[in-house]
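First up is the structure itself, then whatever we jot down about it.
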Amino acid sequence: MKKTTNLRSLAARLIEQVVDKGQSLSAILPAAQKSLNDKDSALLQELCFGVVRTLPQLDALIGKLMDRPMTGKQRTIHYLLMVGIYQMLYTRIPAHAILAETVEGAVVLKKQSLKGLVNGVLRQFQRRQTELTESLEGQSVNLWHPSWLLKRLQVSWPDQWQQIVQANNLRPPMWLRVNRQHNSRDQWLELLNAREMTGTADILSEDAVRLEKPAGVTQLPGFADGWVTVQDLSAQRCAQYLTPENGEDILDLCAAPGGKTTHILEIAPEANVLAVDVDAQRLSRVTENLGRLGMQAEVRQGDGRTPALWCAERQFDRILLDAPCSATGVIRRHPDIKWLRRDSDIDELVRLQAEILDAIWPYLKPGGTMVYATCSVLPEENHKQMAAFLERHDDAKPETLPGGEKHGLQVFPQELGGDGFFYAKLLKNA
(Lines give C-alpha, C1' and ligand atoms only; values in the text may rest on other atoms or scores of the structure.)
Protein backbone atom coordinates (compact mmCIF):
# COMPACT_ATOMS: atom_id res chain seq x y z
CA MET A 1 0.00 0.00 0.00
CA LYS A 2 1.37 3.40 -1.01
CA LYS A 3 2.19 5.67 1.93
CA THR A 4 0.41 9.02 1.79
CA THR A 5 2.52 12.18 1.61
CA ASN A 6 2.92 14.15 4.83
CA LEU A 7 1.93 17.61 3.62
CA ARG A 8 3.17 19.37 6.78
CA SER A 9 6.75 18.20 6.37
CA LEU A 10 6.61 19.01 2.65
CA ALA A 11 5.33 22.52 3.43
CA ALA A 12 8.08 23.03 6.04
CA ARG A 13 10.78 22.12 3.49
CA LEU A 14 9.34 24.47 0.87
CA ILE A 15 9.02 27.37 3.32
CA GLU A 16 12.62 26.84 4.42
CA GLN A 17 13.75 27.08 0.79
CA VAL A 18 11.91 30.38 0.42
CA VAL A 19 12.93 32.09 3.66
CA ASP A 20 16.46 30.75 4.17
CA LYS A 21 17.54 30.03 0.59
CA GLY A 22 15.78 32.76 -1.39
CA GLN A 23 13.75 30.47 -3.64
CA SER A 24 10.52 31.75 -5.19
CA LEU A 25 7.47 29.88 -3.87
CA SER A 26 5.75 30.19 -7.25
CA ALA A 27 8.77 28.50 -8.85
CA ILE A 28 9.19 25.56 -6.45
CA LEU A 29 5.61 24.77 -5.42
CA PRO A 30 4.32 23.32 -8.75
CA ALA A 31 6.92 20.54 -8.77
CA ALA A 32 5.89 19.53 -5.25
CA GLN A 33 2.22 19.49 -6.27
CA LYS A 34 2.67 17.25 -9.33
CA SER A 35 2.30 13.96 -7.47
CA LEU A 36 -0.63 15.15 -5.30
CA ASN A 37 -4.36 14.88 -5.84
CA ASP A 38 -6.35 18.12 -6.15
CA LYS A 39 -7.36 18.22 -2.48
CA ASP A 40 -3.82 17.71 -1.15
CA SER A 41 -2.42 20.12 -3.72
CA ALA A 42 -4.81 22.83 -2.54
CA LEU A 43 -3.96 22.20 1.12
CA LEU A 44 -0.21 22.31 0.45
CA GLN A 45 -0.66 25.64 -1.34
CA GLU A 46 -2.76 26.98 1.53
CA LEU A 47 -0.12 25.98 4.11
CA CYS A 48 2.82 27.41 2.17
CA PHE A 49 1.22 30.69 1.13
CA GLY A 50 -0.43 31.09 4.51
CA VAL A 51 2.77 30.66 6.53
CA VAL A 52 4.77 32.92 4.19
CA ARG A 53 2.02 35.57 4.42
CA THR A 54 1.86 35.57 8.26
CA LEU A 55 5.53 34.77 8.95
CA PRO A 56 6.42 37.55 11.48
CA GLN A 57 3.41 36.74 13.67
CA LEU A 58 4.21 33.01 13.67
CA ASP A 59 7.87 33.73 14.43
CA ALA A 60 6.91 35.89 17.40
CA LEU A 61 4.52 33.26 18.77
CA ILE A 62 7.18 30.54 18.58
CA GLY A 63 9.54 32.93 20.37
CA LYS A 64 7.12 33.03 23.28
CA LEU A 65 6.82 29.24 23.39
CA MET A 66 10.51 28.30 23.21
CA ASP A 67 13.60 29.46 25.09
CA ARG A 68 15.75 29.59 21.95
CA PRO A 69 15.09 29.25 18.21
CA MET A 70 15.80 26.11 16.20
CA THR A 71 18.92 26.63 14.11
CA GLY A 72 21.28 24.72 11.81
CA LYS A 73 20.12 21.23 10.86
CA GLN A 74 17.07 21.60 13.12
CA ARG A 75 15.84 24.72 11.29
CA THR A 76 13.25 22.78 9.27
CA ILE A 77 11.49 21.94 12.56
CA HIS A 78 11.08 25.69 13.19
CA TYR A 79 9.10 25.91 9.95
CA LEU A 80 7.18 22.74 10.82
CA LEU A 81 6.07 24.43 14.05
CA MET A 82 4.99 27.46 12.00
CA VAL A 83 2.90 25.16 9.81
CA GLY A 84 1.25 23.68 12.92
CA ILE A 85 0.49 27.04 14.53
CA TYR A 86 -0.78 28.49 11.24
CA GLN A 87 -3.28 25.65 10.96
CA MET A 88 -4.58 26.29 14.48
CA LEU A 89 -4.96 30.01 13.83
CA TYR A 90 -6.25 30.15 10.28
CA THR A 91 -7.79 26.83 9.20
CA ARG A 92 -10.76 24.73 10.23
CA ILE A 93 -8.73 21.53 10.45
CA PRO A 94 -9.55 19.76 13.76
CA ALA A 95 -6.86 20.23 16.43
CA HIS A 96 -6.30 16.46 16.83
CA ALA A 97 -5.55 16.13 13.11
CA ILE A 98 -3.19 19.13 13.18
CA LEU A 99 -1.28 17.65 16.11
CA ALA A 100 -1.09 14.13 14.67
CA GLU A 101 0.00 15.18 11.16
CA THR A 102 2.46 17.87 12.28
CA VAL A 103 4.13 15.61 14.84
CA GLU A 104 4.35 12.87 12.20
CA GLY A 105 6.03 15.49 10.00
CA ALA A 106 9.01 15.49 12.37
CA VAL A 107 9.42 11.75 11.73
CA VAL A 108 9.23 12.22 7.95
CA LEU A 109 11.89 14.95 8.28
CA LYS A 110 14.07 12.36 10.06
CA LYS A 111 13.91 14.28 13.34
CA GLN A 112 12.31 11.49 15.38
CA SER A 113 13.98 12.77 18.54
CA LEU A 114 12.13 16.09 18.20
CA LYS A 115 8.63 14.55 18.06
CA GLY A 116 8.08 15.31 21.74
CA LEU A 117 9.21 18.92 21.32
CA VAL A 118 6.84 19.51 18.40
CA ASN A 119 3.96 17.91 20.29
CA GLY A 120 4.73 19.90 23.44
CA VAL A 121 5.02 23.29 21.71
CA LEU A 122 1.81 22.82 19.73
CA ARG A 123 -0.18 21.60 22.75
CA GLN A 124 1.11 24.56 24.77
CA PHE A 125 0.00 26.92 21.98
CA GLN A 126 -3.39 25.23 21.87
CA ARG A 127 -3.87 25.90 25.60
CA ARG A 128 -2.53 29.47 25.54
CA GLN A 129 -3.68 30.58 22.07
CA THR A 130 -5.88 33.49 23.17
CA GLU A 131 -3.37 34.80 25.72
CA LEU A 132 -0.44 34.58 23.27
CA THR A 133 -2.19 36.20 20.31
CA GLU A 134 -3.51 39.02 22.52
CA SER A 135 0.04 39.67 23.77
CA LEU A 136 1.05 40.65 20.22
CA GLU A 137 -1.75 43.17 19.70
CA GLY A 138 -0.46 46.55 18.53
CA GLN A 139 2.95 45.14 17.60
CA SER A 140 4.40 45.49 14.10
CA VAL A 141 4.71 41.68 13.76
CA ASN A 142 0.93 41.64 13.31
CA LEU A 143 1.34 43.70 10.13
CA TRP A 144 3.12 40.70 8.52
CA HIS A 145 5.70 42.87 6.69
CA PRO A 146 9.48 43.27 7.07
CA SER A 147 10.49 46.44 8.92
CA TRP A 148 12.40 47.93 5.96
CA LEU A 149 9.32 47.76 3.75
CA LEU A 150 7.01 49.18 6.41
CA LYS A 151 9.39 52.11 6.83
CA ARG A 152 9.49 52.80 3.07
CA LEU A 153 5.70 52.67 2.82
CA GLN A 154 5.24 54.95 5.85
CA VAL A 155 7.68 57.53 4.45
CA SER A 156 6.37 57.38 0.86
CA TRP A 157 2.65 57.15 1.64
CA PRO A 158 2.00 58.53 5.16
CA ASP A 159 -1.77 58.65 4.56
CA GLN A 160 -2.14 55.39 2.62
CA TRP A 161 0.45 52.97 4.01
CA GLN A 162 -1.99 51.19 6.32
CA GLN A 163 -4.43 50.65 3.44
CA ILE A 164 -1.58 49.21 1.33
CA VAL A 165 -0.45 46.85 4.11
CA GLN A 166 -4.01 45.73 4.81
CA ALA A 167 -4.62 44.96 1.12
CA ASN A 168 -1.30 43.09 0.88
CA ASN A 169 -2.42 40.79 3.70
CA LEU A 170 -5.65 39.75 1.94
CA ARG A 171 -6.13 36.89 -0.48
CA PRO A 172 -6.25 38.27 -4.02
CA PRO A 173 -9.43 38.31 -6.11
CA MET A 174 -9.38 36.29 -9.34
CA TRP A 175 -9.51 38.52 -12.42
CA LEU A 176 -10.07 37.30 -15.96
CA ARG A 177 -9.64 38.91 -19.38
CA VAL A 178 -12.28 38.03 -21.97
CA ASN A 179 -10.85 37.65 -25.49
CA ARG A 180 -12.89 40.14 -27.52
CA GLN A 181 -11.93 38.28 -30.72
CA HIS A 182 -14.24 35.42 -29.65
CA ASN A 183 -16.97 36.90 -27.46
CA SER A 184 -18.00 40.22 -26.04
CA ARG A 185 -17.66 40.36 -22.28
CA ASP A 186 -21.46 40.25 -21.85
CA GLN A 187 -21.70 37.16 -24.06
CA TRP A 188 -18.99 35.41 -22.07
CA LEU A 189 -20.65 36.34 -18.76
CA GLU A 190 -23.81 34.59 -20.00
CA LEU A 191 -21.75 31.45 -20.63
CA LEU A 192 -20.31 31.78 -17.11
CA ASN A 193 -23.77 32.16 -15.58
CA ALA A 194 -24.90 29.03 -17.46
CA ARG A 195 -22.29 27.14 -15.42
CA GLU A 196 -23.78 28.62 -12.23
CA MET A 197 -20.71 30.81 -11.68
CA THR A 198 -20.82 34.55 -11.05
CA GLY A 199 -18.55 37.26 -12.42
CA THR A 200 -18.52 41.06 -12.13
CA ALA A 201 -17.53 43.31 -15.03
CA ASP A 202 -15.10 46.15 -14.29
CA ILE A 203 -16.40 49.63 -15.18
CA LEU A 204 -13.14 51.06 -16.58
CA SER A 205 -11.69 48.04 -18.39
CA GLU A 206 -13.51 46.67 -21.42
CA ASP A 207 -12.39 43.05 -21.06
CA ALA A 208 -12.06 42.52 -17.28
CA VAL A 209 -14.21 40.18 -15.15
CA ARG A 210 -13.78 39.43 -11.45
CA LEU A 211 -14.92 35.97 -10.37
CA GLU A 212 -17.03 35.97 -7.23
CA LYS A 213 -15.28 32.76 -6.15
CA PRO A 214 -11.86 31.68 -7.52
CA ALA A 215 -12.08 28.59 -9.75
CA GLY A 216 -9.81 26.27 -11.69
CA VAL A 217 -9.18 27.32 -15.30
CA THR A 218 -10.76 24.11 -16.62
CA GLN A 219 -14.10 25.34 -15.22
CA LEU A 220 -13.96 28.57 -17.26
CA PRO A 221 -15.98 28.55 -20.51
CA GLY A 222 -13.66 28.32 -23.51
CA PHE A 223 -10.38 28.55 -21.59
CA ALA A 224 -8.69 25.81 -23.64
CA ASP A 225 -9.83 27.57 -26.83
CA GLY A 226 -8.40 30.93 -25.82
CA TRP A 227 -11.70 32.65 -24.98
CA VAL A 228 -10.47 33.86 -21.60
CA THR A 229 -7.17 34.43 -19.78
CA VAL A 230 -6.35 34.76 -16.09
CA GLN A 231 -4.85 38.24 -15.65
CA ASP A 232 -5.13 40.81 -12.87
CA LEU A 233 -7.17 43.93 -13.54
CA SER A 234 -4.20 46.28 -13.12
CA ALA A 235 -2.04 44.23 -15.49
CA GLN A 236 -4.81 44.45 -18.11
CA ARG A 237 -4.64 48.23 -18.09
CA CYS A 238 -1.12 48.20 -19.57
CA ALA A 239 -2.34 47.22 -23.05
CA GLN A 240 -5.40 49.42 -22.59
CA TYR A 241 -3.19 52.51 -22.05
CA LEU A 242 -0.89 51.47 -24.91
CA THR A 243 -3.87 51.69 -27.36
CA PRO A 244 -2.31 49.43 -30.03
CA GLU A 245 -3.62 49.57 -33.61
CA ASN A 246 -3.58 47.13 -36.50
CA GLY A 247 -0.58 47.36 -38.80
CA GLU A 248 1.69 48.93 -36.19
CA ASP A 249 5.11 47.61 -35.14
CA ILE A 250 4.86 47.03 -31.39
CA LEU A 251 7.52 45.95 -28.89
CA ASP A 252 6.50 44.19 -25.68
CA LEU A 253 9.68 44.37 -23.61
CA CYS A 254 10.07 42.20 -20.50
CA ALA A 255 7.14 40.28 -21.96
CA ALA A 256 7.10 37.00 -19.99
CA PRO A 257 4.84 35.21 -19.28
CA GLY A 258 2.92 36.75 -22.18
CA GLY A 259 -0.32 38.07 -20.73
CA LYS A 260 0.27 41.56 -22.09
CA THR A 261 1.54 40.28 -25.45
CA THR A 262 -1.68 38.37 -26.05
CA HIS A 263 -3.81 41.27 -24.81
CA ILE A 264 -2.15 43.58 -27.36
CA LEU A 265 -3.05 41.07 -30.09
CA GLU A 266 -6.63 40.74 -28.86
CA ILE A 267 -7.01 44.52 -29.20
CA ALA A 268 -5.06 44.78 -32.49
CA PRO A 269 -4.89 41.29 -34.09
CA GLU A 270 -3.07 42.59 -37.18
CA ALA A 271 -0.29 44.37 -35.27
CA ASN A 272 3.29 43.19 -35.76
CA VAL A 273 4.34 42.32 -32.22
CA LEU A 274 7.86 41.50 -31.01
CA ALA A 275 7.89 39.97 -27.52
CA VAL A 276 11.27 40.10 -25.76
CA ASP A 277 12.42 38.85 -22.37
CA VAL A 278 15.82 38.17 -20.85
CA ASP A 279 14.73 34.91 -19.18
CA ALA A 280 14.65 32.00 -21.66
CA GLN A 281 12.66 29.72 -19.33
CA ARG A 282 9.94 32.32 -18.70
CA LEU A 283 9.96 33.22 -22.40
CA SER A 284 8.69 29.71 -23.20
CA ARG A 285 5.50 30.70 -21.37
CA VAL A 286 4.97 33.49 -23.90
CA THR A 287 5.05 30.93 -26.71
CA GLU A 288 2.65 28.66 -24.77
CA ASN A 289 0.18 31.48 -24.21
CA LEU A 290 0.32 32.55 -27.85
CA GLY A 291 -0.34 28.93 -28.85
CA ARG A 292 -3.37 28.54 -26.56
CA LEU A 293 -4.91 31.72 -27.95
CA GLY A 294 -4.03 30.85 -31.56
CA MET A 295 -1.95 34.00 -32.02
CA GLN A 296 1.33 34.83 -33.70
CA ALA A 297 4.10 37.13 -32.54
CA GLU A 298 7.86 37.18 -32.91
CA VAL A 299 9.41 35.95 -29.65
CA ARG A 300 13.07 36.64 -28.85
CA GLN A 301 15.37 36.38 -25.87
CA GLY A 302 17.14 39.64 -25.17
CA ASP A 303 18.31 42.11 -22.53
CA GLY A 304 16.49 45.45 -22.50
CA ARG A 305 19.80 47.21 -21.87
CA THR A 306 21.27 46.01 -25.18
CA PRO A 307 18.51 46.23 -27.81
CA ALA A 308 20.96 46.45 -30.73
CA LEU A 309 21.76 42.76 -30.13
CA TRP A 310 18.18 41.60 -30.76
CA CYS A 311 16.48 44.15 -32.99
CA ALA A 312 19.35 45.85 -34.89
CA GLU A 313 18.07 49.26 -36.07
CA ARG A 314 14.35 48.42 -36.15
CA GLN A 315 12.04 51.05 -34.65
CA PHE A 316 8.55 50.70 -33.19
CA ASP A 317 5.30 52.65 -33.25
CA ARG A 318 4.58 51.61 -29.68
CA ILE A 319 6.62 50.11 -26.86
CA LEU A 320 5.26 48.51 -23.69
CA LEU A 321 7.95 48.30 -21.03
CA ASP A 322 6.71 46.33 -18.03
CA ALA A 323 9.96 46.97 -16.18
CA PRO A 324 11.73 44.69 -13.68
CA CYS A 325 10.74 46.02 -10.26
CA SER A 326 10.36 45.28 -6.55
CA ALA A 327 6.88 43.75 -7.15
CA THR A 328 5.69 45.47 -3.95
CA GLY A 329 2.26 45.95 -5.57
CA VAL A 330 1.57 42.22 -5.97
CA ILE A 331 2.47 40.99 -2.47
CA ARG A 332 -1.01 39.60 -1.86
CA ARG A 333 -0.48 37.31 -4.89
CA HIS A 334 3.15 36.53 -4.07
CA PRO A 335 3.66 36.96 -0.30
CA ASP A 336 7.17 35.50 -0.55
CA ILE A 337 8.23 38.83 -2.15
CA LYS A 338 8.36 40.25 1.39
CA TRP A 339 11.14 37.82 2.30
CA LEU A 340 12.91 37.57 -1.07
CA ARG A 341 13.45 41.33 -1.41
CA ARG A 342 15.96 43.40 0.56
CA ASP A 343 16.04 47.15 1.13
CA SER A 344 19.27 47.37 -0.89
CA ASP A 345 17.49 45.82 -3.92
CA ILE A 346 15.48 48.98 -4.54
CA ASP A 347 18.41 51.21 -5.58
CA GLU A 348 19.73 48.44 -7.84
CA LEU A 349 16.32 48.05 -9.51
CA VAL A 350 16.02 51.82 -10.01
CA ARG A 351 19.38 51.83 -11.79
CA LEU A 352 18.36 48.86 -13.97
CA GLN A 353 15.06 50.51 -14.92
CA ALA A 354 16.85 53.72 -15.90
CA GLU A 355 19.35 51.80 -18.04
CA ILE A 356 16.55 49.99 -19.91
CA LEU A 357 14.56 53.19 -20.41
CA ASP A 358 17.55 55.04 -21.84
CA ALA A 359 18.57 52.10 -24.03
CA ILE A 360 15.14 51.46 -25.55
CA TRP A 361 13.96 55.07 -26.07
CA PRO A 362 15.90 55.51 -29.38
CA TYR A 363 13.99 52.51 -30.77
CA LEU A 364 10.66 54.33 -30.50
CA LYS A 365 9.71 56.10 -33.74
CA PRO A 366 9.22 59.88 -33.66
CA GLY A 367 5.53 60.41 -32.92
CA GLY A 368 5.41 57.00 -31.19
CA THR A 369 4.06 56.01 -27.77
CA MET A 370 5.71 54.20 -24.88
CA VAL A 371 3.98 52.92 -21.77
CA TYR A 372 6.27 52.36 -18.78
CA ALA A 373 4.68 50.13 -16.13
CA THR A 374 5.70 48.47 -12.88
CA CYS A 375 3.86 46.35 -10.31
CA SER A 376 5.45 48.47 -7.58
CA VAL A 377 4.09 51.02 -5.10
CA LEU A 378 7.46 52.65 -4.40
CA PRO A 379 7.92 56.19 -5.82
CA GLU A 380 11.63 55.62 -6.53
CA GLU A 381 10.66 53.12 -9.24
CA ASN A 382 7.68 55.10 -10.47
CA HIS A 383 7.02 58.86 -10.27
CA LYS A 384 10.64 59.67 -9.38
CA GLN A 385 11.95 57.36 -12.13
CA MET A 386 9.76 59.12 -14.71
CA ALA A 387 10.72 62.61 -13.51
CA ALA A 388 14.41 61.73 -13.88
CA PHE A 389 13.84 60.21 -17.33
CA LEU A 390 12.02 63.31 -18.60
CA GLU A 391 14.90 65.48 -17.40
CA ARG A 392 17.32 63.38 -19.49
CA HIS A 393 15.16 63.27 -22.63
CA ASP A 394 13.77 66.54 -23.96
CA ASP A 395 12.05 64.71 -26.86
CA ALA A 396 9.75 62.88 -24.40
CA LYS A 397 6.38 64.31 -23.46
CA PRO A 398 4.20 62.74 -20.74
CA GLU A 399 0.50 62.18 -21.41
CA THR A 400 -1.57 62.43 -18.25
CA LEU A 401 -3.67 59.30 -17.69
CA PRO A 402 -7.18 59.52 -16.17
CA GLY A 403 -6.79 59.99 -12.42
CA GLY A 404 -3.03 60.34 -12.73
CA GLU A 405 -0.51 63.14 -12.32
CA LYS A 406 2.11 64.60 -14.67
CA HIS A 407 4.60 61.76 -14.22
CA GLY A 408 2.12 58.89 -14.15
CA LEU A 409 -0.70 57.04 -12.45
CA GLN A 410 -0.10 55.13 -9.20
CA VAL A 411 -2.73 52.64 -8.07
CA PHE A 412 -2.66 50.72 -4.80
CA PRO A 413 -3.83 47.14 -4.24
CA GLN A 414 -7.54 47.07 -3.42
CA GLU A 415 -9.66 44.38 -1.77
CA LEU A 416 -12.01 43.91 -4.74
CA GLY A 417 -9.90 45.73 -7.32
CA GLY A 418 -6.56 45.25 -9.02
CA ASP A 419 -3.03 44.91 -7.72
CA GLY A 420 -0.70 47.82 -6.99
CA PHE A 421 0.61 49.20 -10.30
CA PHE A 422 2.17 52.28 -11.86
CA TYR A 423 1.75 53.51 -15.44
CA ALA A 424 3.36 56.36 -17.35
CA LYS A 425 2.50 57.15 -20.97
CA LEU A 426 5.21 58.93 -22.95
CA LEU A 427 4.94 60.44 -26.43
CA LYS A 428 8.03 61.00 -28.56
CA ASN A 429 8.19 64.37 -30.28
CA ALA A 430 7.87 64.07 -34.05
Side-chain angles (χ1 to χ4, degrees), residues 1-129 132-133 144 171 216 334-336 338-340:
M1 185 176 172
K2 187 180 176 183
K3 185 171 172 32
T4 56
T5 304
N6 183 277
L7 299 177
R8 282 72 179 177
S9 62
L10 186 52
R13 283 198 182 105
L14 291 169
I15 295 159
E16 183 178 31
Q17 286 182 57
V18 171
V19 181
D20 291 351
K21 298 177 183 176
Q23 296 290 310
S24 162
L25 186 53
S26 301
I28 61 176
L29 181 60
Q33 292 174 304
K34 271 185 181 177
S35 60
L36 302 176
N37 60 42
D38 289 348
K39 184 180 176 183
D40 284 352
S41 177
L43 178 55
L44 179 65
Q45 182 165 316
E46 165 67 19
L47 296 177
C48 290
F49 273 81
V51 169
V52 170
R53 187 179 291 116
T54 59
L55 197 81
Q57 180 193 25
L58 301 176
D59 238 342
L61 289 168
I62 290 174
K64 290 178 177 289
L65 291 162
M66 299 180 69
D67 294 331
R68 56 181 183 271
M70 311 290 286
T71 57
K73 293 181 179 179
Q74 297 180 341
R75 186 67 178 164
T76 317
I77 297 298
H78 179 80
Y79 295 113
L80 182 66
L81 289 170
M82 282 188 170
V83 170
I85 292 173
Y86 175 80
Q87 292 171 89
M88 290 185 180
L89 282 172
Y90 298 109
T91 73
R92 296 179 180 179
I93 300 169
H96 67 86
I98 294 170
L99 284 162
E101 287 295 316
T102 310
V103 170
E104 177 60 23
V107 178
V108 175
L109 291 168
K110 298 180 180 177
K111 305 292 181 188
Q112 177 95 20
S113 61
L114 297 175
K115 270 180 66 177
L117 181 142
V118 172
N119 185 56
V121 169
L122 293 183
R123 286 190 180 279
Q124 188 185 167
F125 177 74
Q126 188 183 8
R127 288 194 304 272
R128 300 174 57 198
Q129 180 171 333
L132 290 170
T133 51
W144 303 350
R171 296 164 192 267
H334 305 284
D336 52 344
K338 295 182 290 189
W339 319 116
L340 299 177

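The figures here come from the full heavy-atom set of this structure, side chains too, leaving out hydrogens, waters and symmetry mates.
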Checklist entry - Any idea which heavy atoms bring Gln129 and Met88 closest together, and the distance? => result NE2-O, 3.8 Å

Next on the checklist: Among Lys111, Lys110, Glu104, which residue satisfies the side chain to side chain contact (heavy atoms under 4.5 Å, CB included) criterion with Val107?
Outcome noted: Glu104

Item to check | Within 6.0 Å of CZ in Arg128, more than 12 heavy atoms from elsewhere | outcome: yes

Checklist outcome for this item: Taking every heavy atom of Ala11 against every heavy atom of Val83, the minimum-distance pair comes out as CB-CG2, 4.1 Å

Next on the checklist: Looking at every non-hydrogen atom in both residues, tell me the closest pair between Asp336 and Ser26 and how far apart they are.
Outcome noted: OD2-N, 4.1 Å

Checklist outcome for this item: When rounded to the nearest 0.5 Å, the distance separating CZ of Phe49 from CZ of Arg171 is 10.5 Å

Next on the checklist: Please report the interatomic distance CD(Gln45) to CG(Leu36), rounded to the nearest 0.5 Å.
Outcome noted: 11.5 Å

Next on the checklist: Please identify which of these residues, Leu10, Ile77, Leu114, Val118, meets the side chain to side chain contact (heavy atoms under 4.5 Å, CB included) condition with Leu109.
Outcome noted: Ile77

Checklist outcome for this item: Heavy-atom closest pair (Asn6 atom, Gly105 atom, distance to 0.1 Å) is OD1-CA, 3.4 Å

Item to check | Over 12 non-hydrogen atoms of neighbours within 6.0 angstrom of CG in Asn37 | outcome: yes

Item to check | Leu99 vs Gln126 side-chain heavy atoms within contact, under 4.5 Å | outcome: yes

Checklist entry - Do Cys48 and Val52 touch side chain to side chain, with heavy atoms closer than 4.5 Å? => result no

Checklist entry - Got a second to check how far Gln33's CD is from Thr5's OG1, nearest 0.5 Å? => result 12.0 Å

Item to check | Trp339 side-chain N/O to Val18 backbone N/O, donor-acceptor pair under 3.5 Å | outcome: no

Next on the checklist: If I take atom CD from residue Gln57 and atom OG1 from residue Thr133, how far apart are they, to the nearest 0.5 angstrom?
Outcome noted: 7.5 Å

Item to check | Closest non-hydrogen atom pair between Tyr79 and Ala12, with its separation | outcome: CB-O, 3.8 Å

Item to check | Side-chain donor-acceptor contact under 3.5 Å, Glu46 with Tyr86 | outcome: yes

Item to check | Nearest-0.5 Å distance, CD of residue Gln124 to CG of residue Leu132 | outcome: 7.5 Å

Next on the checklist: For Val121 and Ile62: C-alpha separation, side-chain torsions, deciding distance, then whether side chain to side chain contact (heavy atoms under 4.5 Å, CB included) applies.
Outcome noted: CA-CA 8 Å; Val121 169; Ile62 290 174; 5.6 Å; no

Checklist entry - Under 4.5 Å between any side-chain heavy atoms of Ile93 and Leu43, yes or no? => result yes

Checklist entry - Given His334 and Leu25, is the side chain to side chain contact (heavy atoms under 4.5 Å, CB included) satisfied, shown in steps? => result CA-CA 8 Å; His334 305 284; Leu25 186 53; over 6 Å; no

Item to check | Gln17 side-chain N/O to Gln23 backbone N/O, donor-acceptor pair under 3.5 Å | outcome: no

Next on the checklist: Measuring from atom CZ of Arg8 to atom CG of Leu47, what distance do you get when rounded to the nearest 0.5 angstrom?
Outcome noted: 6.0 Å

Checklist entry - Which residue, Thr102, Leu58, Leu65, Leu117, forms the side chain to side chain contact (heavy atoms under 4.5 Å, CB included) with Leu81? => result Leu117

Item to check | Shortest non-hydrogen contact between Leu55 and Met82, atoms and distance | outcome: CD1-SD, 3.5 Å

